[in-house]
Amino acid sequence: GTTLGASAAEKGRYFGTAVAASKLNDSAYTTILNREFNMVTPENEMKIDATEPQQGRFSYGSADQIVNHARSRGMSVRGHTLAWHSQQPGWMQNMSGSALRQAMLNHVTQVATHFRGQVVAWDVVNEAFADGSSGARRDSNLQRTGNDWIEAAFRAADAADPTAKLCYNDYNTDNWTHAKTQGVYNMVRDFKARGVPIDCVGFQSHFNNDSPYVSNYRTTLSSFAALGVDVQITELDIQGASAATYRSVVEDCLAVARCNGITVWGIRDSDSWRASQTPLLFNSNGSKKPAYDAVLAAL
Ligand code: XIL
């Protein structure tokens, strides 16, 4: 293939990008988006603060804009994200206990129902594990509602949209030897053993000098896949955008049958949440970087 999406499709995978609704009127941006990608993740527009800014008042305008842009051009959509400790609206930040649990489950139900049939996969729960050596859950208002909040969110999402693939998504879970990776692995193994409806695990894969790509990444992907879930690389960016590292990431995904897609977290370096790291595949002027050529060649 001559584009990322077409080449990935030849391998039975997708190649996606995060998209910001505010950039859909930038023709340099949409030219690359429409040419190269066949999967889209709204960068912020489906988060809790965007979709339920006031309790019980749902707002889908900018998320719908992205979904319509993508689907009308034959691209698929990953939903991101239904339950998360971060980017909560103020009303939710101030809640706790059973009221918060109920509000979280209602949010999952309402948003998954709105987008039913339009998203192929949901990041149902994002970033629920702690960094460091504990391997434990992250403390948060959601975690304090009870350790079963994650499976409750997955069951609610499954009831609202039975056909979407339901994923757990996190960062710093790339290195197989890290306690956080093992903590997530043990949760997924437990969910599969008990029939909790989980279909996939997303690896954000924000690689930088503090959390670099390591060669056991392929072991991580294949170990999770062996639990009976798909694995997806959901928010890839690499500080400095080493062509060799991008190539390794693509090769690792292609080596794992159940690694069914890669999403980069933005199009041009200027679109990145970490723009100063120049971590993406396109220069700010829209030209292809060496990392782009390496990815296309590896696909
Ligand atoms: C980031 C967005 O890129 C920024 O625009 C926003 O200000 C903060 O969130 N993990 C995730 C993503 O799951 O939602 C985050 O996206 C990056 C880290």
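Being a predicted model, the structure only gives us computed values, none of them experimental. We count ligands from 1, going down the list as the structure has it; atoms in each ligand are counted the same way.
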Peer 1: Write out the residue and atom name of the closest protein heavy atom to atom 3 (O) of ligand 1, then the distance separating them to 0.1 Å.
Peer 2: E43 OE2, 2.4 Å

Peer 1: Quick test of your reading of the model: are K288 and D293 salt-bridged, counting only N-O distances below 4.0 Å?
Peer 2: no

Peer 1: How far is atom 8 (C) of ligand 1 from its nearest protein heavy atom, and which residue and atom is that?
Peer 2: Q87 OE1, 3.4 Å

Peer 1: What part of D123, side chain, backbone, both or neither, has a heavy atom within less than 4.0 angstrom of ligand 1?
Peer 2: neither

Peer 1: Tell me which protein heavy atom sits closest to atom 7 (O) of ligand 1, plus the residue, atom name and distance to 0.1 Å.
Peer 2: N44 OD1, 4.3 Å

Peer 1: For ligand 1, which atoms have a heavy atom of N126 less than 4.0 angstrom away?
Peer 2: 11 (C), 13 (O)

Peer 1: Rounded at 0.5 Å granularity, tell me how far CG in D271 sits from OG1 in T17.
Peer 2: 7.5 Å

Peer 1: Among K47, Q204, E127, which residue places a heavy atom closest to atom 15 (C) of ligand 1?
Peer 2: K47

Peer 1: At under 4.0 Å between heavy atoms, which part of T81 makes contact with ligand 1: side chain, backbone, both or neither?
Peer 2: neither

Peer 1: Quick one about S284 and D269 (side-chain donor to acceptor, distance below 3.5 Å, no hydrogens or angles considered), yes or no?
Peer 2: no

Peer 1: Nearest protein heavy atom to atom 13 (O) of ligand 1, by residue and atom, and its distance?
Peer 2: E235 OE2, 2.8 Å

Peer 1: Which one holds for Y171 and ligand 1: side chain close, backbone close, both close, or neither close, with close meaning a heavy atom under 4.0 Å?
Peer 2: neither

